[in-house]
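Worth saying up front: this structure is predicted, and the values here are computed from it rather than measured. Naming convention: chains lettered A, B, ... in sequence-line order (proteins, then strands); numbering from 1 in each chain.
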Number of protein chains: 2
Amino acid sequence: MLTLKKVAELAGVSTTTVSRVLNNTYRNKVSEATRQRVLRIVEEVGYRSSVPARALRQKRTYQYGLVIPSLAFSYMPEVVQGLQLVAAQYDYACLLYITQEDSSYELEIFRVLNSLHVDGVVWMPQPHHEPNLVQALSQKKVVEILNRSGIANLPSVTIDQELGGYLAAKHLLDMGHRRIGAILHPGIHWKQRFAGYHRALREAGQENLSALVYTDMVLWQNGITAFHELYQQDPGITAILAASDDVAAGVIYAARHQGLCVPDDVAVIGFGDNPISRQGEVSISTIRHSKREVGEQAMRLLVALINNEEVKDIVFRPKLIVRQSSSNSLKK
Amino acid sequence: MLTLKKVAELAGVSTTTVSRVLNNTYRNKVSEATRQRVLRIVEEVGYRSSVPARALRQKRTYQYGLVIPSLAFSYMPEVVQGLQLVAAQYDYACLLYITQEDSSYELEIFRVLNSLHVDGVVWMPQPHHEPNLVQALSQKKVVEILNRSGIANLPSVTIDQELGGYLAAKHLLDMGHRRIGAILHPGIHWKQRFAGYHRALREAGQENLSALVYTDMVLWQNGITAFHELYQQDPGITAILAASDDVAAGVIYAARHQGLCVPDDVAVIGFGDNPISRQGEVSISTIRHSKREVGEQAMRLLVALINNEEVKDIVFRPKLIVRQSSSNSLKK
DNA sequence: CTGAAAGCGCTAACAG
DNA sequence: CTGTTAGCGCTTTCAG
């Protein structure tokens, strides 16, 4: 195995010197000649220092944990891409953990991450968590994304959900809808989103939503289930505020299976502007925000946190994107 | 920080003893009383050994690299789930790397993985690769999934593509189609798949496909592009063999946008039986294989490889699943 | 500008 | 059954 020592021997210098060259420590305190010689040898033999060894010494692994509930959300690829983009710049490697909405497994993951000595964690919380999680979290540098667990005061990157909710509801109200159903996911800042809905309703002189359903996950399948529950609550609704684009896609699928026309019989709006919202038969109106940017900023935040820099939360302001699923509805 | 030494002091034994208890080495060579005492202390203080430290000593990191071209393929979540399921059983952590189809980045990843001293790699190759990759690969335990790079003789978990191709083509021929177009992805055992198509064609007394298009990626967008190219080659085709379910979804989308009816004007069959094939307006006929199992077996193979056990390649036999996108076509 | 020496936290001979 | 010792590959004082 190629070690520092061997490289040092080959270059005729001490391991200290090689280390210094490779890490650019004590800049300019190594003669240019020596530096060049060392670099040449390193290049020649293709030496790369052992990450575990330096981790042990430096108490820094250059690894971060990514803890997410699922890989199946249609926005995950973009978020991860954003994370990896910035992570690569800082030489950070990503340890991937998927909780599958299992809160005891989630807790175990944080304990494992602790023994792995990762430098930090990017965490997308799920609705439910173990009480002990708070403690497990407090020992690490953690950045929260897209969600607000509210279980600890963690640095976070989120979307302005109140605004998003407001924009979505206002749009439907503007289109003339008065009986509106909503599908909420407790966990994605749902209270703020809910508040946004109500602000729009109030402005339109309305009191309440006509139907309201909660869903545990925000996948396509959940949209189908939620759709039926919504119609049970109020068969007269003409528009639906879905918890995500995936859910909206499920809702549209279910609606059309029932013989309903989208948007003429029921208008639907999603949340996120994920790939799925363009790929369906009926393109989905949605609230847009850049998932890639969320990932990028989260990683920047984490790096800052690791370097003990001052950090402040990041909140993205989403925009309304109108597509087929909510067009020409009651105005027609 | 909690170390072995501290735990040893607390328990009034040597570090060696604690290590032995924790690793179950020299079984029965530690008195039950001592073992219990140590375990109690460990539990009490919540000690977990440092992964980097033991990695340095044992030359084993209990980490594996997962190198894939993209997270956006609709089958990725399931494959990864399968991998993680088995990985968790063996206490393996997953270092995630996404190549984004960038071959020089792919090479760099393997070099990085080398310095990370991961115990092994699960690799899903992309169509193009750097020549130096072979060398970078040869130094590690690598399991290949779903693809065949053909650049090295690596243990692999794959689908019987010839059979898949045969089943798909035979199905379309059985439905009465004679002018069939195909979308191939060079990289997914495409030659075998192609051979399968031809075996079916020969059996039906036909010589060739009517149209043939190659695609670099197997995403929804590629299906749209490919559809148009296919129709340019032969406007008379009545059926399409898509490279994947994602591609099939794109094809169907494009076809319907052109005013064509699926399956009546053009039948489509995908490959993989991913979630997307059920979620569209028109459910997609496809060739099924279990993605979760692919992941599980790949991880088992990797673990065996790491333990220097004998391994042999795994080939799954896929099945035909008929859905709307290829039903009632020319027989109607 | 460079090197010798110590030690990160752990495990594996080797002794008792 | 248990402990002592050495050292994994690296970085970091400290001393030239």
Side-chain angles (χ1 to χ4, degrees), chain A residues 1-39 41-42 45-63 91 93 112-119 139, chain B residues 1-39 41-42 45-63 91 112-119:
Chain A
M1 182 186 276
L2 227 37
T3 66
L4 236 209
K5 204 170 154 195
K6 226 162 265 172
V7 173
E9 281 167 15
L10 256 42
V13 294
S14 72
T15 57
T16 315
T17 302
V18 180
S19 172
R20 286 208 265 253
V21 170
L22 257 30
N23 297 294
N24 273 322
T25 32
Y26 294 103
R27 246 211 179 294
N28 301 324
K29 295 258 181 128
V30 172
S31 75
E32 197 49 34
T34 314
R35 150 174 264 101
Q36 288 308 329
R37 185 149 37 92
V38 169
L39 287 176
I41 302 278
V42 165
V45 300
Y47 169 77
R48 300 234 173 178
S49 69
S50 156
V51 172
R54 71 156 24 180
L56 180 59
R57 187 62 234 242
Q58 290 195 140
K59 269 114 184 45
R60 242 186 164 206
T61 53
Y62 285 90
Q63 295 185 167
D91 280 320
V112 168
L113 285 174
N114 227 39
S115 77
L116 279 161
H117 291 263
V118 292
D119 297 344
Q139 305 172 14
Chain B
M1 183 187 274
L2 227 39
T3 66
L4 235 208
K5 204 169 152 196
K6 225 163 265 172
V7 173
E9 281 167 16
L10 255 43
V13 294
S14 73
T15 58
T16 315
T17 302
V18 180
S19 171
R20 287 208 265 252
V21 171
L22 257 28
N23 297 296
N24 273 321
T25 34
Y26 296 102
R27 246 207 179 297
N28 301 325
K29 295 259 181 125
V30 173
S31 75
E32 197 49 32
T34 314
R35 150 175 263 97
Q36 289 307 330
R37 185 149 38 92
V38 169
L39 287 176
I41 303 278
V42 165
V45 299
Y47 169 77
R48 301 235 173 178
S49 69
S50 156
V51 172
R54 71 156 25 179
L56 181 59
R57 186 65 236 241
Q58 291 196 142
K59 268 115 185 43
R60 245 189 162 201
T61 53
Y62 285 91
Q63 296 184 168
D91 280 321
V112 168
L113 285 173
N114 227 38
S115 77
L116 279 162
H117 292 262
V118 293
D119 297 345

Query - Separation of atom NZ in A:Lys6 from atom P in D:dC8, rounded to whole Å - result: 11 Å
Query raised in the report: Just by protein heavy atoms under 4.0 Å, how would nucleotides 4-11 of chain C read 5' to 3' in B, S and -?
Result: BBBBBBBB
**Report entry** Five-pair end axes of the helix from C:dC1-D:dG16 to C:dG16-D:dC1 and the angle they enclose, rounded to 10°
**Finding:** 40°
Query - B:Arg54 side chain reached by B:Asn23 side chain, heavy atoms, under 4.5 Å - result: yes
Report task. Indicate whether any N or O donor in one side chain lies under 3.5 Å from an N or O acceptor in the other, for B:Thr16 and B:Ser19. Result -> no
Query raised in the report: Closer than 4.0 Å, any side-chain N/O of A:Thr25 to the OP1 or OP2 of D:dT12?
Result: no
Query - Pairing residues for A:Thr61 by the side-chain contact (heavy atoms from CB on, under 4.5 Å) criterion, not counting sequence neighbours - result: A:Ala55, A:Gln63, A:His117, A:Asp119, B:Pro52
Query - Any residue meeting side-chain contact (heavy atoms from CB on, under 4.5 Å) with A:Thr15, in chain and number order, not counting sequence neighbours - result: A:Leu4, A:Lys5, A:Ala8
Report summary line: Sorted by chain and residue number, the ring pair (Phe, Tyr, Trp, His ring centres under 6.0 Å) partners of B:Tyr47 (sequence neighbours excluded) come out as none
Query raised in the report: Is there a side-chain polar atom (N or O) of B:Thr17 under 4.0 Å from OP1 or OP2 of D:dG3?
Result: yes
Report summary line: With sequence neighbours left out, the residues meeting salt bridge (charged side-chain N to carboxylate O under 4.0 Å, His left out) with A:Arg60 are none
Query raised in the report: Does any non-hydrogen side-chain atom of A:Arg48 lie less than 4.5 Å from one of A:Leu2?
Result: no
Report summary line: The single option from B:Val38, B:Val13, B:Val21, B:Val18 that satisfies side chain to side chain contact (heavy atoms under 4.5 Å, CB included) with B:Val30 is B:Val21
